[in-house]
Amino acid sequence: MSKNSHTKVSPQGHPEETMTQRSGEPVPRAPLAGIPAYVPGRPADLDPDQPAFMLSSNENPFPPLPSVMHALAKASSSINRYPDFSAGGLRTVLAAELDVAAEDIAAGGGSVGVLQQIIRAYAGLGDEVIFAWRSFEAYPVLVQESGARPVKVPLNGADEHDLEAMLDAITPVTKIIMVCLPNNPTGPSIRHDQLKDFVSRVPPNILIVLDEAYREFVTGPDLANAMDFYRDRDNVAVLRTFSKAFGLAGLRVGYVVARRTVIDAVRKTGAPFAVNSLAEVGAIASLKAHGELLQRVRSVVAERTRVASALAAQGWTVPDPQGNFVWLGLGDASSEFAGACAAVGVIVRPFAGEGVRVSIGAPPANDAFLLVASEWNHRRVESTTWPV
Ligand SMILES: *Cc1c(COP(=O)(O)O)cnc(C)c1O
């Protein structure tokens, strides 16, 4: 708006107010001040030309399937066109795959993008959102951005969700309660009977978000399948992604399955055309190659078993890994351990003062990590066995 029209709108003027507006700078909404700046998975000071084993972001170590790359190349000839507004093609394929109505699915820019839509739709200033901690780093950021208060419920001694404590944390202003299964970054999932009991005790006016980003890697017996709860309840939303098992992290596509009313609300808070045309085509091509991709998932799981056994043999205690990563609860030594890994070109994810998350990669990457882990424990054993 021009200076002129501004004067016309307020002919009497409020000189002081006008002065403040003209001398200040744009100020973001207050809740944003509490959000820390983004921390990238790869240390900034790392030589970009030095080949490194990237075990810091839980990515799929396999390159994209030829069939997926072919579909993307073909689709790139029409990127002058807008994509389908609601990713209708992808939702139709997913609906058949999951045996749900296409109206019960909303797709978005990664499942983090979808989660942002969910939180914006259901929580704001004065509200509370409960989640376990430590869990996925995006949770507190997205909750704070909405203006709601993040309520972090500590994990139990086995680095699992403390579902009883989460239920105890519910207040009249709780709007969303999130569960990450399996939990990133610690690894354990939740038994079906435990989740069933939990879901039945959450009041029906609170949205339960079940984040299943690592669903395909789960192998443990009796573990929960979030879709079972969506079928029984109106207040359950299941989050899934193509970033991990499907290896499309760079394309940014994920989705939520929930009742129609939830989907309608979530659509309203999304960026228009959030799923771009290549992301939609890549996701559909990946679903067509499901069998081939699950074969790859099985080999990651086999490596996970090998890594976890090797760590146990070295004397480490590792919480049950049900995703494509392992957790070392190194406490105060976490950053130092990550540094020891980086020194040999293995990039892992330290959480200062808590632990280190190491993604399962290709065998040579895992071997390089296991070597550092072995030397680390050896050193520790020596220093405790031979006090000076
Ligand atoms: C990786 C991850 C996601 C997926 O993020 P995208 O935005 O789909 O790439 C969601 N939740 C958790 C817990 C994750 O670890």
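Order of appearance sets the numbers: ligands from 1, and atoms from 1 within every ligand.
- Remark: minimum distance from atom 3 (C) of ligand 1 to any protein heavy atom is reached at K244 NZ, 3.4 Å.
- Considering only heavy atoms from C-beta on, N183 comes within 4.5 Å of L155 through its side chain.
- When each atom of ligand 1 is checked for a heavy atom of C180 under 4.0 Å away, the hits are 13 (C).
- Geometrically, ligand 1 and V112 share a nitrogen or oxygen pair separated by less than 3.5 Å.
- In this structure, H290 has its ring center closer than 6.0 angstrom to the ring center of F246.
- Residue contact check for ligand 1: G110 places a non-hydrogen atom closer than 4.0 Å to it.
- At a heavy-atom cutoff of 4.0 Å, ligand 1 is contacted by no atom of F242, backbone or side chain.
- Ring orientation note: the planes of F131 and W133 are nearly perpendicular, at an angle over 60° on the 30°/60° scale.
- Contact atoms of ligand 1 toward A213: 2 (C), 3 (C), 10 (C), 11 (N), 12 (C), 14 (C) (distance under 4.0 Å to a heavy atom of the residue).
- One distance of note links CD1 of I206 with OG1 of T171; it measures 7.5 Å at 0.5 Å rounding.
- Listed by atom number, the atoms of ligand 1 under 4.0 Å from N184 heavy atoms are 13 (C), 14 (C), 15 (O).
- Contact of the F136 side chain with the V112 side chain is registered, since non-hydrogen atoms from C-beta on lie closer than 4.5 Å.
- Stacking of R349 on the aromatic ring of F351 is recorded, both the 6.0 Å distance cut-off and the 45° axial limit being met.
- Closest of all the heavy-atom pairs between I284 and L90 is CD1-N, 3.6 Å.
- Nearest to atom 13 (C) of ligand 1 by heavy-atom distance, out of L181, D211, L115, V114, is D211.
- In this structure, Y82 has its ring center under 6.0 Å from that of F273.
- At a heavy-atom distance under 4.0 Å, atoms from both the backbone and the side chain of S111 approach ligand 1.
- For atom 7 (O) of ligand 1, the nearest non-hydrogen atom of the protein is R252 NH2, 2.6 Å.
- Atom 9 (O) of ligand 1 has as its closest protein heavy atom S243 OG, 2.6 Å.
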